[in-house]
Protein chains: 2
Amino acid sequence: MTVTIYDVAREAKVSMATVSRVLNGNPNVKPETRKKVKDVIERLDYRPNAVARGLASKKTTTVGVIIPDISNLYYSSLARGLDDIAEMYNYQIIITNTDNDPEKERDAFLGLISKQVDGIVFLGGALNEETLNDIKGSHLPVVICGTSEKDENMPSVNIDYYEAIKEAASKFLEEGAEQIAFVKASYSEQLERHIEEGIKAAYQEKNKDFDEQYILSAAEDYQSGKSLFGKIQELKSDVVITMSDETAIGVLHGAMDHNIAVPDEIQIMSCSNTRLVNMVRPPLSSVALPLYDIGAVGMRLLTKYMNEETVEEANVILPYKIEYRATTK
Amino acid sequence: MTVTIYDVAREAKVSMATVSRVLNGNPNVKPETRKKVKDVIERLDYRPNAVARGLASKKTTTVGVIIPDISNLYYSSLARGLDDIAEMYNYQIIITNTDNDPEKERDAFLGLISKQVDGIVFLGGALNEETLNDIKGSHLPVVICGTSEKDENMPSVNIDYYEAIKEAASKFLEEGAEQIAFVKASYSEQLERHIEEGIKAAYQEKNKDFDEQYILSAAEDYQSGKSLFGKIQELKSDVVITMSDETAIGVLHGAMDHNIAVPDEIQIMSCSNTRLVNMVRPPLSSVALPLYDIGAVGMRLLTKYMNEETVEEANVILPYKIEYRATTK
DNA sequence: GTGAAAGCGCTAACAA
DNA sequence: TTGTTAGCGCTTTCAC
């Protein structure tokens, strides 16, 4: 029925071991033998069974990706970077959506373990305590992209959120902003802390007090941003910084609906920079995270762990850039 | 080291076969035995190795998803529906991006075959001839979502594009539209044909001639739409229908930049309805494809094939709805 | 209701 | 340079 390595061996009049060797590019094969085997492989249209291979070698060339929601542009941009590099290194990715639900997250993780993935990439959101312990217990290489963990020793790829937010906030303050509202949409306490510290540092540098009530929360979608506008108006903020682009666009439209001029009366900036930023008018100013690159670098980092290469820096910080478009002065 | 079925058998003082039976919910196990085994499983924290299982049973509970670009909202919406249903049926999905490149597509397919996936979902884009033949030769269940194939016997999930476009075009014509430009962004000739026929049918019903030059092409992104606006203006179209939301938004902004009033001077509608439609002002009118559902139903259909259930209808047509928002009168 | 044993298709010592 | 052989961890007849 299906042609196996045994069929190839028989046809080529060599042993399975030799076929296996040419399959795996083992140099210990005489060129003629190699050619002979390759010819038979081609003639029989033989395709190695990766499952059998995985069982025998304990390597599946598959990595798991745990992601809050693939239909969110932020995460799917990361995922695209991930997959491109995975493909380059001959890995395939199993993607599982969790909606940031700890239970789904744990199930996803256990599922991936049982599938014997060679590594796992965790995207965005927060890793709950229990899963985190499972991960550590599993001795599987894991890389976290686009979010920070309590245990900051876990390999990760990020930008320097503290610096980014501080830089953005400072600029606003310098130019006369009075009250910056910050809308967090992250599920990672750690990440939120970095960000809050960034804002506070900016205020401190200007010798201004920061009022905690200007830190708001919203889900990372359009509607949440829109609903939040009332609150923002109440607070009389003249600047709003959000994590998610969608949230920022929601706020923007909230402002437009209330006839508040953007950026004259209120400035809006996000911290994400998906392709959405150019698809609204006015174009959204944003801290530009290199989303694709974060994914790509994350996967590259993971391959290093999987191949037991030495890694110099487990916590990669990628550069960010602040794109001032038309929602800021 | 890792605990295997053998360890469980030994500890529970039964045979591996029995452990396997309780694992797989085989009823031929005495309740006491079952309980005993379950206890040991729990105590040892035993997790079945899905790879070994796959090798022995020739079922991997993994399905492959071949997709043009996961970072495109259209496809990622489909993918999300796919994954949710896959999870429900205890399947996991391997996602591979192809950028509609036939070579990548073929590699993706061969990779999935070698991983012994139980089925494949093909999303959007066009399946090239060669891959299509491979698929047929593989006897693997395959479902196509959101696009049509030459071979219309392949299981698929779609809306009735012909009817949708015809309905939309008819309405525009009835209300006095003179020249409808249609921007296709599909890679499937088959799909394009359905759509063109829909438009032509609408013109015919109104006894008007349709001029082929009003059928334009663009990539399914924002910039392409924007660049296309010059051409549209040249054609003096008063209605533009695009496949992709991003393209429509590009056209919309093109119009705004040229001080052409939307919808008064030009009406714009897309045929997709991702969450983007509400994130622009004015909100984009669109033929609402049930993207999530197309994915979900597609995966459900695939599970039927994988479990050898009987399927009544291999070519599922889901209902569409035309959402008239503010880019149309 | 349960167990013994033969694979599934491959890799990886170890020998030769 | 090549072959032999013993698994990898499970499912699945087939007996009992």
Side-chain angles (χ1 to χ4, degrees), chain A residues 1-38 40-41 44-62 90 110-118 138 307, chain B residues 1-38 40-41 44-62 90 110-111 113-118 307:
Chain A
M1 188 67 203
T2 51
V3 18
T4 73
I5 198 173
Y6 179 77
D7 300 318
V8 176
R10 185 169 29 71
E11 286 288 309
K13 300 191 177 59
V14 297
S15 71
M16 296 164 51
T18 301
V19 179
S20 177
R21 284 190 192 100
V22 344
L23 243 34
N24 296 296
N26 184 317
N28 291 338
V29 182
K30 220 194 322 176
E32 300 131 66
T33 319
R34 181 183 306 278
K35 167 134 182 33
K36 192 170 58 177
V37 171
K38 284 200 163 168
V40 175
I41 287 178
L44 265 44
D45 195 24
Y46 164 69
R47 309 254 174 67
N49 179 325
V51 175
R53 234 172 172 166
L55 183 59
S57 69
K58 298 182 171 309
K59 295 212 171 309
T60 55
T61 62
T62 304
N90 284 309
L110 295 180
L112 293 172
I113 292 287
S114 95
K115 288 255 159 104
Q116 315 296 121
V117 295
D118 295 339
S138 72
N307 302 327
Chain B
M1 187 71 201
T2 51
V3 18
T4 72
I5 198 173
Y6 179 77
D7 300 319
V8 176
R10 186 169 29 71
E11 286 287 310
K13 300 191 176 61
V14 296
S15 70
M16 295 164 51
T18 300
V19 180
S20 176
R21 284 190 192 98
V22 343
L23 242 34
N24 296 295
N26 185 317
N28 290 338
V29 183
K30 222 196 317 180
E32 302 131 67
T33 319
R34 181 182 306 278
K35 167 136 182 31
K36 192 170 58 177
V37 171
K38 284 200 163 170
V40 174
I41 288 179
L44 265 43
D45 195 24
Y46 164 68
R47 309 254 174 68
N49 178 325
V51 173
R53 231 170 175 169
L55 184 59
S57 69
K58 298 184 171 307
K59 296 214 171 308
T60 55
T61 63
T62 303
N90 284 309
L110 296 180
I113 293 286
S114 93
K115 289 254 159 105
Q116 315 297 119
V117 294
D118 295 338
N307 301 327

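Side-chain atoms are counted along with the backbone in the values below, which use heavy atoms only and exclude waters and symmetry mates. Computed from a predicted model, the values in this text were never measured in an experiment. Lettering of chains follows the sequences in order, A, B, ..., and the numbering in each one begins at 1.
Nearest to the side chain of Arg21(B), among dC10(D), dG9(C), dG3(C), sits dG3(C). Nearest to the side chain of Val29(A), among dT2(D), dA12(C), dC10(D), sits dT2(D). Picking from dC10(C), dG3(C), dT4(D) the nucleotide with the shortest atom distance to the side chain of Ser15(B) gives dG3(C). For Ala17(B), counting side-chain heavy atoms from C-beta on, the closest listed nucleotide (dA4(C), dT11(C), dT11(D)) is dA4(C). Comparing dG7(D), dT1(D), dG7(C) against the side chain of Thr33(A) picks out dT1(D) as the nearest. Checked against dG3(C), dC8(D), dT12(D), the side chain of Ala56(A) finds its nearest nucleotide in dC8(D).
When the side-chain nitrogen and oxygen atoms of Lys58(A) are compared with OP1 and OP2 of dG9(D), one or more of them lie within a distance under 4.0 Å. OP1 or OP2 of dT11(C) sits under 4.0 Å from a side-chain N or O of Ser20(A). Remark: Thr2(B) is in phosphate contact with dG9(D), judged by side-chain N or O atoms under 4.0 Å from OP1 or OP2. Contact annotation: Arg53(B) side-chain N/O to dT11(D) OP1/OP2 distance is under 4.0 Å.
Rounding to whole angstrom units, CE of residue Met16(B) and C1' of dA6(C) are separated by 11 Å. Summarising the geometry, the separation between CG on Asn26(B) and P on dG1(C) is reported as 10 Å, rounded to the nearest angstrom. At whole-Å resolution of the value, CD1 in Ile5(A) and C1' in dA6(D) are 15 Å apart. In this structure, Leu55(B) places its CG atom 17 Å from P of dG7(D), rounding to the nearest Å. Rounded to whole Å, the distance from OH on Tyr6(A) to C1' on dT11(C) is 17 Å. Atom pair Leu23(B):CG and dT2(C):P shows a separation of 15 Å (rounding to whole Å applied). As rounded to whole Å, 15 Å separates atom P of dG9(D) from atom CD1 of Ile113(A). Separating the CG atom of Asn28(B) from the P atom of dT12(D) is a distance of 13 Å, rounded to the nearest angstrom.
Both Ser57(B) and Asn24(A) sit near DNA chain C, but only Ser57(B) has its closest nucleotide nearer the 5' end.
Among the candidates Asn24(A), Ile5(A), Thr61(A), the single residue satisfying the side-chain contact (heavy atoms from CB on, under 4.5 Å) test with Arg53(A) is Asn24(A). Partner of Val22(B) under the side-chain contact (heavy atoms from CB on, under 4.5 Å) criterion, chosen from Val14(B), Thr33(B), Ile41(B): Ile41(B).
Counting any heavy atom pair closer than 4.0 Å across all strands shown, Val51(B) reaches no nucleic acid atom. Counting non-hydrogen atoms under 4.0 angstrom, Thr4(A) reaches the backbone sugars and phosphates but no base. Nucleic acid contact class of Asn49(B) (heavy atoms, under 4.0 Å, all strands): sugar-phosphate only.
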Would you please test Thr4(B) and Asn49(B) for side-chain contact (heavy atoms from CB on, under 4.5 Å) and show each step?
CA-CA 8 Å; Thr4(B) 72; Asn49(B) 178 325; over 6 Å; no
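Between the side chains of Thr62(A) and Lys115(A), no donor-acceptor pair of N or O atoms lies under 3.5 Å.
Across Ala50(A) and Gln116(B), no two heavy atoms sit closer than the pair N-OE1, 4.4 Å.
Summarising the local packing, NZ of Lys36(A) is surrounded by more than 12 heavy atoms from other residues, nucleotides or ligands at distances under 6.0 Å.
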